Structures are given as structure tokens and as C-alpha cells.
Amino acid sequence: MGTLRFVLGDQLHRRVSTLTDCDPDHDVVLIVEVMAEATYVRHHKQKIAFLFSAMRHFAAELEAEGLRVDYVRLDDPGNTGSFTGELERALARHACDRVVVTEPGEWRVLSMMEAWREDLAVPVEIRPDNCFLCPRAEFAEWAGDRRSLRMETFYRGMRKRTGLLMENGEPAGGQWNFDHDNRKRLPKGHRPPERPRFAPDAVTREVLALVEARFAEHFGDLDGFGWPVTRQDALSALAHFIADCLPTFGDYQDAMKTGAPFLAHSLISPALNAGLLTAEEVCLAAERAYKEGAAPLNCVEGFIRQILGWREYVRGLYWARMPEYAATNALAAKRDLPWFYWSGETRMNCLAQCIGETRAHAYAHHIQRLMVTGNFALLAGIAPAQVEEWYLVVYADAYEWVELPNVHGMALWADGGVMGSKPYAASGAYINRMSDYCGTCTYDVSAKAGPEACPFNYLYWNFLIENAERLEPNPRMGMPYRNLARMDETRRAEIVADAQRFLDGLESRPPPGDLTTASKGSATRRGRRSPARSP
Ligand code: FAD
Ligand code: DLZ
Ligand code: SF4
């Protein structure tokens, strides 16, 4: 009798704990394409294509190595469409007397795995995910029952523990953080580095056709699909980033430019989150570039902080605080998600650009996610669950462990300050400073009031007015509330009236006659029904 080793679609690493002791003579590796995972939210078409292609390539690599792989394709006869159904069928097919899995990236899948322990006739071992640098238990111990958890404290601990960018027990360069050297505006005429595109091979082309046929109603375009879908390609994408982009990564990390969706960002998150790369090897590659003098410290530290710091931190927080975390709504936000998040059709050029790029690439960089789509949702008081569903749908790198804390905690402050000491709320001035979007917008970023004024301007003050009870006592909000206090009643009334007019005009349903929206409702991951919204 052997072991059935069930590898999920985002666990595609040869050293994943499920496979560490795999016996090629007796064990079977199970990998399954299932409808339930592709539709529990209506993922962007590129996300499904990326994952199915990466799964098929990974299975082929394991087979080439001599492992026995049972790969179930979406269209295979008898495919039950769910993890549980396929696991049961596989147990009936193979002489296996136990199941081994690695803990998943989402709470709902962990609940499934726990049910398998109860319901299946064989024992089920759930192993820790060894592709992260901070084990869940270690984070939980650090977090304890503290109400607020600051990333910077966690990050410094991780630097000390791993020795990354440490010199004689001190941070390299004498500082933990080089943020003040980053966040520059792009110089005029700046040309972002060229990015490699991984042309679809026969496996990917077959998957693209499958996705187009079976998920036609899902959000997003497939044209131009160029994600790395094998470990080898992911390593080559990483090498390209380190050589060509890391040397300016920090400087322009927060900049946004029309027609330049990637700038010097690494684009490695889909590969990293699916297991094609590990956090450790990515951080070591960046550190090596610093040690060899190929990239400056501000860029290397800025990059390593994203992975060793933010990425590990959000994952730890997710597991330490779920499921209660997702249920909080500190600012009682309840407005429906505007329809333009799906269609991209809005006069607000910043949102139209970021949503358009998201539709085209299943990608937007951090500041676009936080300070454009996230900031608008915060200021407009959109219901957290609806915003979270949107982010989980639209990005190729989205899994709940990483999407939820970033949206719920960082962008929407729905956790009331567990993650961030104050909301990331900003007016149009911030977007104007960090992008070229305002120059071609039909709204006027310098106007404060009236129908042609940039909506971010009055929504920002309206947000402060509406949430004064909750936010005014926050010492970090002292300055904006002092500025608000200097406004007279007439000005405040004007802000509220402008905001009301604008918010009342938002469509949360497809406009009549919009043929691209003829889709049914989608079930949200927390079991509610959301209105039809994936064009
Ligand atoms: P780079 O800018 O090159 O950064 C390098 C790596 O650092 C990323 O690949 C990523 O692995 C990591 N990283 C950076 N910031 C974060 C962060 N805040 N949390 C976790 N990892 C981080 N990231 C996801 O992987 N999946 C998501 O679903 C996701 N949703 C987000 C939602 C919001 C509202 C915000 C503000 C951020 C979200 N992020 C998410 C984090 C970040 O935006 C993406 O990781 C990043 O844009 C991916 O592009 P990149 O690989 O080019 O990143
Ligand atoms: C996202 C996704 C999709 C679209 N399809 C599959 C699939 O068919 N089979 C699979 O094993 N995994 C898939 N995934 C990834 C899972 O949803 C992911 O493993 C869980 O969300 C836990 O992180
Ligand atoms: Fe966005 Fe306002 Fe600038 Fe238009 S003017 S692009 S709405 S910030």
C-alpha cells in the first residue's frame, strides 16, 4: 500500500512538504483541475490559464522524474468538480492507505481538509507549508493576543532570524528601512525596462483554448498571455528582474505611468504564490545582487522588505486572526461596488487606467491596488466583502491568505487598526504627484468643489467627516482633522453635497443594454450571492 499525495494548484514546488518523502514505487501524486476552484469566485481568465498550465507542466516534470502522477483534467469524464469528490475517486482508483497534503492558502480549503480527516476511510496528514519563511506557529506566538500587529517590528525580527541584509548583527547600511530614498516621481522621458514575455507553448495554448471555451463569462482578456508557467521560466523571469529592474526598483516603486503597467516591478507574485519560486531563493538572489554591487541597498532592502516583511506578515496575520478577521467592518462601509470596477468605464482616468490594465494583464502594481482602486473603495465606503471579492477575482496572484489582509486591513482599514495605525486615505493630489493620470483626466485635480472637480478631493474630506467619531481621536489623524476644523460650515456642507451627488450617481449594476454583462450572479466565497458583475 502507498500514500496518496494530493498537491493543490498553488503548491507546485518539488520540495513542497507533501512530496518530501515521496516513494516512487508505491505512492501516487494527485493533481486535479476542478470546477469548484475555478468558480468559487469568477477568477480572471489569465489566473485560471496560468494555474492550469503551471499544474500540467509540473505534473509532466514529476512524471519525467519517475513519480506516478494521477492528473485529472477539467474535462475528464467523471470529474466531480471538487477537491473532495476527486480525492474520494482517487482513493477508489489507487491502493493507498493514507493521504498526505500540505496546509492550503485559504481557510475554506483548510475546513475541507479537516472534514476529510473525519469523513475519509484513511488517515489524512496535513503538513505545514514549508515554502514560507515564517512558520504559522511562530507568527502566532509573536502575535499573541495583541490588538495591533505592526509589520515593521515583525520584519526586523525576520531580518535577524534569517540574517538577510545583516552585517555583524546590524542591518546593512546601518538602517532597517530606506523608504525615504524610494517613492520618487518618474523623471520626464523615463523608459521602463523591457520585460520578457513567455510565449505560450503547446500546453499553454491548449489551456488557453479551454479557458476561453469554459470560462468565457469571466472577467479579463487572454490575449497577450505571457506569464511564466514553469519553474525554469519563473527562474529566468527572476534573473531578468534582478539584472534589469532591481537597480531602480526602489526609486520608482510608487510611481504610476500611463501605458507602463509594470515599470520596474518584479511580476513574480503569480509564480511565487503558486510555488514556482520560493521566498527564500528570491530574497537570496536580491541580497546577492547587493553584495556583488549590482544593485543599490535602497532598492534591495525595499524589495526584500516586500517579501520577507509584507508577504510573510500578511500570511501570518491571516492564519493568526481568521476567521473572525474577515467579519470586521470598523468603518461600517456598506455601499455596493460600483459597476465600473468591472467595466473600467468611468471618467476618472486613474481608475479607468488601473482597471483597464488589470483586465488586460490580471496585474496591477502595489500602489495602483492600494492608492487608486483601494483608496476609492475606502473613500466611497464600499462594503469590504464586495471589494475583497473583486480583488480575489481580478489578479493572477490572488489567494485569500494574501488578498484578504491587504484589502481588508491595508486598503479598507476594516480591521480597525490591526494592520495599519491609520487608513491610507488620500485626495487627488497624491495620485497627481505619483502618476501622469490627471493630465488627461476630464476631471480637474486642482478643483476642490463642483461637478468637474476631482472626486477624490471631496470624497477625501467627506470620508473624514463621515468617520470623525472613529478616526478623530486617532493621534495619527491629528493633522487632517485640524485642517478640517479650519473649514467653515459652508465649505463642509459643499463637500458633503458634492460627495452625495457623486456617490448617488454610481451604478452598482450594469447599465441597461450592456451586452457584455449578460452573466449570472456569482457565489461569493463566504456563501452570499453577489449581483451579476463579471462581464
Ligand atoms: P513587486 O512590487 O515586485 O514586489 C515583490 C514581491 O513582494 C511581490 O511579488 C509580492 O510577493 C511581495 N509583496 C509586495 N507587497 C506585498 C504585500 N502587501 N503583501 C504580500 N506580498 C507583497 N499580493 C498578492 O500576491 N496577491 C494578492 O491578492 C494581493 N492583493 C493585494 C491587494 C491590495 C489592496 C494591495 C494594496 C496589495 C495586494 N497585494 C497582493 C500585494 C502587492 O500589490 C502584490 O504582491 C504586487 O503588486 C505583485 O506584483 P509584483 O510581483 O510585481 O510585486
Ligand atoms: C485558483 C485555483 C483554480 C482556479 N483552480 C484550481 C484547480 O483546478 N485545482 C487546484 O488544485 N487548485 C486550483 N486553484 C487553487 C486553489 O483554489 C488553491 O489551492 C486554494 O485556494 C488554496 O490556496
Ligand atoms: Fe484620478 Fe482625480 Fe486625477 Fe482624474 S483628476 S485621474 S479622478 S486623481
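Any value given below was found using the heavy atoms of this structure, including those in side chains, with hydrogens, waters and symmetry copies removed. Given the structure is predicted, the values throughout are model-derived calculations rather than measurements. Counting starts at 1 for both ligands and their atoms, following the listed order.
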Using ring centroids (six-membered ring only for Trp), state whether [Y] and [X] fall under 6.0 Å.
| X | Y | result |
| --- | --- | --- |
| Y252 | H190 | yes |
| W461 | Y458 | no |
| F262 | H361 | yes |
| Y430 | F456 | no |
| F303 | F241 | yes |
| F6 | W116 | yes |

Pick from [options]: the one approaching [atom] most closely through a non-hydrogen atom:
| atom | options | result |
| --- | --- | --- |
| atom 19 (N) of ligand 1 | L412, N406, V372 | N406 |
| atom 8 (C) of ligand 1 | G409, C283, S269 | S269 |
| atom 29 (C) of ligand 1 | R369, R315, Q253, R305 | R369 |
| atom 12 (C) of ligand 1 | Q368, M410, Q306 | Q306 |
| atom 50 (P) of ligand 1 | L267, L246, L370 | L267 |

Strictly by modelled atom types, are [X] and [Y] linked by a side-chain donor-acceptor pair under 3.5 Å?
| X | Y | answer |
| --- | --- | --- |
| H13 | T278 | no |
| T102 | D129 | no |
| W401 | E106 | no |
| Y155 | E312 | no |

Give the numbers and elements of all ligand 1 atoms closer than 4.0 Å to a heavy atom of [X].
| X | answer |
| --- | --- |
| R311 | 11 (O), 20 (C), 21 (N) |
| L272 | 11 (O) |
| N273 | 24 (C), 25 (O), 26 (N) |
| Y391 | 32 (C), 34 (C) |

Show the atoms of ligand 2 that are less than 4.0 angstrom away from any heavy atom in [X].
| X | result |
| --- | --- |
| E106 | 21 (O), 22 (C), 23 (O) |
| E33 | 8 (O) |
| L8 | 11 (O), 19 (O) |
| V32 | 7 (C), 8 (O), 9 (N), 10 (C), 11 (O) |
| F83 | 9 (N), 10 (C), 11 (O), 12 (N) |
| L51 | 1 (C), 2 (C), 3 (C), 13 (C), 14 (N), 15 (C) |

Does the cation-pi check pass for [X] over [Y], that is, NZ or CZ under 6.0 Å from the six-membered ring centre and within 45° of its axis?
| X | Y | result |
| --- | --- | --- |
| R315 | F132 | yes |
| K47 | Y399 | yes |
| R347 | Y443 | yes |

State whether the shortest distance between N or O atoms of [X] and N or O atoms of ligand 2 falls below 3.5 angstrom.
| X | value |
| --- | --- |
| D10 | yes |
| E37 | yes |
| G105 | yes |
| G9 | yes |

[X] to ligand 2, any heavy atom closer than 4.0 Å:
| X | answer |
| --- | --- |
| R108 | yes |
| M55 | yes |
| W401 | no |

Identify the protein heavy atom lying closest to [atom], giving its residue, its atom name and the separation to 0.1 Å.
| atom | answer |
| --- | --- |
| atom 6 (C) of ligand 1 | I307 CG1, 3.6 Å |
| atom 2 (Fe) of ligand 3 | C454 SG, 2.3 Å |
| atom 1 (Fe) of ligand 3 | C350 SG, 2.4 Å |
| atom 8 (O) of ligand 2 | V34 N, 2.8 Å |

[X] (side chain) donor-acceptor with [Y] (main chain) under 3.5 angstrom:
| X | Y | answer |
| --- | --- | --- |
| T162 | L164 | yes |
| H43 | A396 | no |
| Q46 | D221 | yes |
| Q11 | L8 | yes |

Side chain, backbone, both or neither: which applies to [X] and ligand 1 if a contact is any heavy-atom pair less than 4.0 Å apart?
| X | result |
| --- | --- |
| F303 | side chain |
| A364 | backbone |
| H365 | backbone |
| Y363 | side chain |
| D397 | both |
| F249 | side chain |
| L392 | neither |

Could you check whether the rings of F376 and F340 sit parallel, tilted or perpendicular, using 30° and 60° as the cut-offs? perpendicular
When F50, F219, W390, Y395 are each screened for ring-ring contact (aromatic ring centres under 6.0 Å, His included) with H44, the one that passes is F219
Number the atoms of ligand 3 from 1 as they appear, then name those within less than 4.0 Å of a heavy atom of [X], with their elements.
| X | result |
| --- | --- |
| C438 | 3 (Fe), 5 (S), 6 (S), 8 (S) |
| V445 | 5 (S) |
| M348 | 7 (S) |

Are S82 and V34 side-chain neighbours, meaning at least one heavy-atom pair lies under 4.5 Å? no
Practice prompt. Check whether any side-chain heavy atom of Y437 sits under 4.5 Å from a side-chain heavy atom of M256, and report yes or no.
Written response: yes
ask   = Has C441 got an N, O or S atom lying less than 2.8 Å from atom 1 (Fe) of ligand 3?
value = no
**Request:** Please verify whether a non-hydrogen atom of Y395 lies at under 4.0 Å from ligand 1.
**Result:** no
